[in-house]
Number of protein chains: 4
Amino acid sequence: MVRDQIISAAVRIFSRQGFDAAGMDEIAQVAGVAKGSLYYNFRSKSDLFAAVVTEGIDDLHRQIERILSRSSTVRQVLDGLVRENLQACQDYPELVDLIMRDQSGGLDAAAADRVRQARETYVQYIAGLLEDGMRDGLLRRGDSLGMAGAYLAFLHAFSRAGRARGRNLSDMAAEAADLIMGGLCRP
Amino acid sequence: MVRDQIISAAVRIFSRQGFDAAGMDEIAQVAGVAKGSLYYNFRSKSDLFAAVVTEGIDDLHRQIERILSRSSTVRQVLDGLVRENLQACQDYPELVDLIMRDQSGGLDAAAADRVRQARETYVQYIAGLLEDGMRDGLLRRGDSLGMAGAYLAFLHAFSRAGRARGRNLSDMAAEAADLIMGGLCRP
Amino acid sequence: MVRDQIISAAVRIFSRQGFDAAGMDEIAQVAGVAKGSLYYNFRSKSDLFAAVVTEGIDDLHRQIERILSRSSTVRQVLDGLVRENLQACQDYPELVDLIMRDQSGGLDAAAADRVRQARETYVQYIAGLLEDGMRDGLLRRGDSLGMAGAYLAFLHAFSRAGRARGRNLSDMAAEAADLIMGGLCRP
Amino acid sequence: MVRDQIISAAVRIFSRQGFDAAGMDEIAQVAGVAKGSLYYNFRSKSDLFAAVVTEGIDDLHRQIERILSRSSTVRQVLDGLVRENLQACQDYPELVDLIMRDQSGGLDAAAADRVRQARETYVQYIAGLLEDGMRDGLLRRGDSLGMAGAYLAFLHAFSRAGRARGRNLSDMAAEAADLIMGGLCRP
DNA sequence: GATGAATGAGAGTTCATTCAT
DNA sequence: AATGAATGAACTCTCATTCAT
């Protein structure tokens, strides 16, 4: 209970201010608990950050895996990948900003490693799906790992820009899917 | 002279550690000047950061504009855009990381605004090139501003991933250009 | 039962780390009870410390009084005094370190007073024995209270130094008795 | 200048409250400088403490060495040793309390080591003088190192007790010299 | 009688900033 | 123009203490 309050306050504060600029005082205040409770539940600010990001990535990963498991064709999987990642950008913008932004600055080594590992696991999952598509013949062959990371960055940036100007999700999803799958050039 | 030493030390330190984790002491030391000199040349840490980023973006902008001005067709411009942005990621990785990473955390409002504006100017320049391509009929119509930002993020992420695994630039440029222009799907 | 576990854990922790550096958490853990139990049995950390030290001094006092009561001559009493105090340094080194070290730093006023009083009572008991010796004509006349405190400090320091280099007790006792009774100068 | 203010404030505060209970805030206030200045001149609280104690011991050591160098006989050296150590207890009571009290509690390992080393050097110097006396035939043979530490503890305790009751120094010095050299037993 | 999650005042430490030189 | 000793507000983290169970 208290732990959950802390996590969700931390998502908000960390995503708005970044790791270094965020203050434990403010997180405690937003969570509605005493400062000491942060340290009763997490070893350090770095540890809290790592918990927030890795749990966020894991949730996202599980949710997308569950949804994509319903798809029967490779094409459906890839369309779903774009749509669900954009959806996550829309539904949990703060968490996704947090996951995508490089925060390595003040994190201690252990926490930075946990975060890197969690991110890598997710990117490798996406890369695996792209490799399925390549084997299937649907996708152009290439550096699947680089693509996976780059397309996530693409979707995140595209979503932020669209959101800033109030675009609705389904338009953006359609356009993003076209750009990613079909490319920038006119067919 | 001193100013240039400071700027180039600041690029290095800021890009490695982020705005908040970077220390004025370390910047002074790397620049080989006394800490007081930083404040003789720049009003504050935020001001130094804003100077570094805006000057970096402006240099990049000018350089790319100059190179692209030699292109005669829209197609050449767009290919050059991809190639030159990747080239910049390769040649000035620290500066580009600095430009792309969101550092809004600890910056004061004025500096954050200058940075945002400089970034926006560059993104709008790219968006203008994309609109040329759309008018020309070469490119799919769409949210040019969103695309410009998203493709920059794509290139940056793709470049980082490739660099981490030692890929050479021209391979990456060719692959990136194919992905961006032609899409992920097999032709 | 629980109280005894706490006391003996507290002796260990306090003597190793000093009052301030010792933690209630660690005492509870070593005692094998929950932290709340410390506060069920003692009003505060200061109170626990005062209990440990005063009870330790009282035990020591009683034990030495009992042993010395068997002596029939003043000379025997004084030899026994040296031997038994050294013995205590050997048998309960942690407790004796705790008693001898000035811990007034973080103690609250009430606890500091209890500790001071217990120490004083013991020193006055020793001073009384010295005065018996003076009246008896065996000992040089002088500041019995000052001597009592100073000889305890002497024995404690001598014992620590000897223990650190593995000297055995009876050698040390003989040497200490000679030094105290006969002085540093060769007879 | 500022460094000296800090050192002398630190002697006062540390000796009154002990290492752990002393606060950097209070030291800064007593020194009449800002808290940051403590950390500009010393790496940490432990470092400040180690500097205070080691410099204090070294000063004491040098001063006593200088004074004893005027003595021509072993007997004079030993009398001087007692008198000068008592004098130091009288002149710099806070510093001597600080040196004699075991503060190992919260000190970090490096600082604890520096302190231990400085203390040991001084005790070994005293032990060397005692060995001179033994070789000379004036002193009873025995554990010179243990004696050196024990007699310092004796003098310190004797001085504190005397001072608490307003005894004057020369009486105490004469009595202490008799006790140490001639022993407790009546000649 | 015993627990341990929760607390919050206060600790040591950092670091952007200033200013006399 | 350039310096660096000095600053103090703000930070992360600790830990004795409480209280509902």
### Query
Less than 4.5 Å apart, any side-chain heavy atom of D:Asp97 and any of D:His156?
yes

### Message
Expressed as a whole number of angstroms, how long is the span from A:Asp47:CG to F:dC13:C1'?
### Response
13 Å

### Message
Quick check for you: to the nearest 0.5 Å, what is the distance between B:Lys45 atom NZ and B:Leu107 atom CG?
### Response
9.0 Å

#### Entry: A:Ala21 or C:Gly23, whichever maps to the more 5' nucleotide of DNA chain F
A:Ala21

#### Entry: Nucleotide F:dT14, atom P - distance to CG of A:Leu38 in whole Å
12 Å

### Query
Rounded to whole angstrom units, what separation is found between the CD1 atom of C:Ile13 and the P atom of F:dC15?
13 Å

### Query
Taking CE from A:Met24 and C1' from E:dA9, how many angstroms apart are they, rounded to a whole number?
17 Å

### Query
Taking atom CD of C:Glu55 as the centre, does the number of heavy atoms from other residues, nucleotides or ligands within less than 6.0 Å exceed 12?
yes

### Task
Check whether any side-chain heavy atom of D:Ile6 lies under 4.5 Å from a side-chain heavy atom of D:Arg3, and answer yes or no.
no

### Earlier contact from the 5' end, DNA chain E, for A:Gly36 and B:Asp20
A:Gly36

### Message
If you compare every side-chain N and O of B:Tyr39 against the phosphate oxygens of E:dT17 (OP1, OP2), does one of them come in below 4.0 Å?
### Response
yes

### Task
Provide, to the nearest angstrom, the distance between the CZ atom belonging to D:Phe42 and the P atom belonging to F:dA6.
11 Å

### Query
Starting at the 5' end of DNA chain F and moving along, which residue's nearest nucleotide shows up first, A:Ser44 or C:Arg43?
A:Ser44

### Query
To the nearest angstrom, how far is B:Asp25 atom CG from E:dC15 atom C1'?
7 Å

### Query
Contacts to DNA chain F from residues 26-35 of chain B, heavy-atom cutoff under 4.0 Å, which residues?
B:Val33, B:Ala34, B:Lys35

### Query
Given B:Asp59, which of B:Arg62, B:His61, B:Gln63 fulfils the side-chain hydrogen bond (donor to acceptor under 3.5 Å, both in side chains) condition?
B:Arg62

### Parallel, tilted or perpendicular, as decided by the 30° and 60° cut-offs, for the rings of B:Phe49 and B:Phe19
perpendicular

### Query
Do the non-hydrogen side-chain atoms of C:Tyr39 and C:Met24 ever get within less than 4.5 Å of each other?
yes

#### Entry: Position toward the 5' end of DNA chain E (nearest nucleotide), D:Ala22 or A:Asn41
A:Asn41

### Task
Examine distances only and state if a side-chain atom of B:Ser46 and a backbone atom of B:Asp108 form a donor-acceptor pair shorter than 3.5 Å.
yes

### Task
Output yes when A:Arg114 and A:Asp47 qualify as a salt bridge under the 4.0 Å nitrogen-oxygen rule, no when they do not.
yes

### For atom CD of A:Gln17 and atom P of F:dC11, their distance in whole Å
10 Å

### Task
Take atom CG of A:Leu107 and atom P of F:dT12, then tell me their distance rounded to the nearest Å.
13 Å

### Message
Both atom distances under 3.5 Å, Watson-Crick or G-U wobble: I'd like the secondary structure of DNA chain E as a dot-bracket string, with | for pairs made across strands.
### Response
.||||||||||||||||||||

#### Entry: A:Val2, nearest nucleotide to its side chain (from E:dA6, F:dA16, F:dA2)
E:dA6

